[in-house]
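The structure appears below as structure tokens.
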Amino acid sequence: MARKLSFDPERVFAGDRVAVSRAISLVENELDGSEEFLRRVFSKTGRAYRVGITGPPGAGKSTLTNKLALHYRKQGLSVGIIAVDPTSPFTGGALLGDRVRMTDVELDEGVFIRSMASRGSLGGLSKKAREAADVLDASGKDIIILETVGVGQSELDIAGAADTTVVVLVPESGDSIQAMKAGLMEIADFFVLNKADRAGADQAVMSIKMILHFKSESAWTPDVLKAIASDGTGVAEIAAKVAEHRSHLERTGKLAAKRQHRLEERIRELVADRLRIDFWSAERKRILSSRIQDVMNYSSTPYDLAHELINNFRNQ
Ligand SMILES: Nc1nc2c(ncn2[C@@H]2O[C@H](COP(=O)(O)OP(=O)(O)O)[C@@H](O)[C@H]2O)c(=O)[nH]1
Ligand SMILES: [Mg+2]
């Protein structure tokens, strides 16, 4: 059954700004018709190259994203940007800051920028960010940049949705150790040591390289590039490294493998979501609330109650 959308999907696929913006809102808010629309979107995805930019708050990710977008524009490529920053709410300073720094590219028709915030909960954010990236892909953008703060699993999931993941760090002491703890070392295809205009940049590069040295060998060794995002220093080299990683992935067949793995994960998530929704019917919610006291007073256990609920689901 076709539902009435607030935009024409064909306009989205033609790259129309207003239609794309409305389409992302549909997806972000899971409005009626979003799944049906995403089905159409899917068949038009796969052309864009996705770059993840992640790292600690304040590392210069937005500044770098802005400069990278400018670089790609000069090459004649169109760019879509999804900035996910759960640490700063919509009205927060960081986002406002992002807006200011993005002005270079904001008025450019070849660039589409969308900020997504968690609105209190991280649940589903990575799914929505990936779906928004799909919309941008289907709208014809050549490069999609996903900017996320590297602070938690959900952000790592978003970074994992990229073909090439760039981890941005700064010279501040302990940053590389923090990154290691946060799992950023695992997901980086290469590192950018930003704010190289500050003291300690070379030592920081060394300490990241030391940590990398202990990682297992593979066909691709993550490099560490220095940059000063605020004045554009090193941005061309970063774009070149992205291109190098891309051709490595394409040459070795790893790009297809990576994308297949990503799709498998998505299907698993969709199944899990669907099952969760189907599972918690009014009847089973009632069973849970009526039997919970038995668990509280030890006449039953969480395991027995879970089994009872699952049996009820299977026998329905
Ligand atoms: N000194 C210096 N400051 C920078 C550099 N890159 C970004 N900044 C500043 O660092 C602050 C945080 O940058 P932002 O891009 O918002 O960081 P994000 O939170 O990682 O997105 C801003 O005030 C930037 O102007 C750099 O290379 N050197
Ligand atoms: Mg930012």
Side-chain angles (χ1 to χ4, degrees), residues 50-72 79-106 111-119 122 125-126 129 132-133 143-152 154-159 161-162 164-176 178-179 182-185 187-188 190-205 208 224-239 241-242:
R50 302 181 189 203
V51 181
I53 308 263
T54 190
K61 299 178 297 295
S62 295
T63 313
L64 179 62
T65 298
N66 181 43
K67 289 291 192 325
L68 260 180
L70 274 174
H71 179 91
Y72 286 126
V79 183
I81 297 169
I82 311 238
V84 182
D85 196 344
T87 59
S88 60
F90 267 115
T91 52
L95 206 65
L96 223 57
D98 283 354
R99 285 241 146 259
V100 172
R101 277 184 299 281
M102 295 284 186
T103 47
D104 285 353
V105 288
E106 218 166 14
V111 178
F112 185 94
I113 302 170
R114 180 64 166 241
S115 289
M116 293 176 87
S118 59
R119 297 200 188 110
L122 278 176
L125 186 59
S126 63
I143 304 280
I144 295 166
I145 304 178
L146 291 149
E147 182 203 328
T148 61
V149 189
V151 290
S154 187
E155 294 77 37
L156 292 184
D157 288 349
I158 297 167
T164 295
T165 300
V166 184
V167 170
V168 182
L169 299 173
V170 288
E172 270 71 72
S173 63
D175 207 21
S176 52
Q178 283 307 321
L184 291 175
M185 289 287 175
I187 61 162
F190 68 92
F191 293 85
V192 168
L193 194 285
N194 192 39
K195 307 198 183 181
D197 53 319
R198 289 192 181 168
D202 289 322
Q203 294 95 300
V205 169
I208 299 164
V224 188
L225 306 184
K226 279 200 287 185
I228 307 171
S230 45
D231 72 7
T233 304
V235 170
E237 288 79 2
I238 292 165
K241 186 57 87 177
V242 170

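Heavy atoms only: backbone and side chains are in, while hydrogens, waters and symmetry mates are out. For this chain, numbers begin at 1 and follow the sequence in order. In listed order, ligands and their atoms are each counted from 1.
With rounding to the nearest 0.5 Å, the separation of OH in Tyr72 from CD1 in Ile143 is 4.5 Å.
Taking only non-hydrogen atoms, the option from Thr233, Asn66, Thr63 nearest to atom 24 (C) of ligand 1 is Thr63. Closest to atom 11 (C) of ligand 1 by heavy atom, among Lys195, Lys226, Lys67, is Lys195.
When each of Val168, Ile145, Ile228 is paired with Leu64, the side chain to side chain contact (heavy atoms under 4.5 Å, CB included) condition holds for Val168 and for no other.
Two residues are said to be in side-chain contact when any heavy atoms from C-beta on lie closer than 4.5 Å; Asn194 and Lys61 fail this criterion. The closest side-chain heavy-atom distance from Ile238 to Phe190 is below 4.5 Å. A heavy-atom distance below 4.5 Å is found between the side chains of Lys241 and Leu225. Proximity of Pro171 to Lys195: side-chain heavy atoms (C-beta onward) are separated by under 4.5 Å at one or more points.
Nearest N/O/S atom of Glu147 with respect to the Mg ion (ligand 2) is recorded as OE2.
Taking backbone and side chain together, Ser62 holds an N, O or S atom under 2.8 Å from the Mg ion (ligand 2).
Numbered from 1 in the order shown, with element, the atoms of ligand 1 that lie under 4.0 Å from a heavy atom of Glu147 read 21 (O). Within the listing of ligand 1, atoms 15 (O), 17 (O), 18 (P), 19 (O), 20 (O), 21 (O) sit less than 4.0 angstrom from a heavy atom of Lys61.
At least one N/O-N/O distance between Ala59 and ligand 1 falls below 3.5 Å. Residue-to-ligand polar distances keep Pro57 apart from ligand 1: every N/O pair is separated by 3.5 Å or more. Close N/O approach between Ala229 and ligand 1 is found [any backbone or side-chain N/O within under 3.5 Å].
For the 3.5 Å distance criterion, the side chains of Thr54 and Thr148 qualify, holding a donor opposite an acceptor.
Under 4.0 angstrom from ligand 1, the non-hydrogen atoms of Ile228 come from both its backbone and its side chain.
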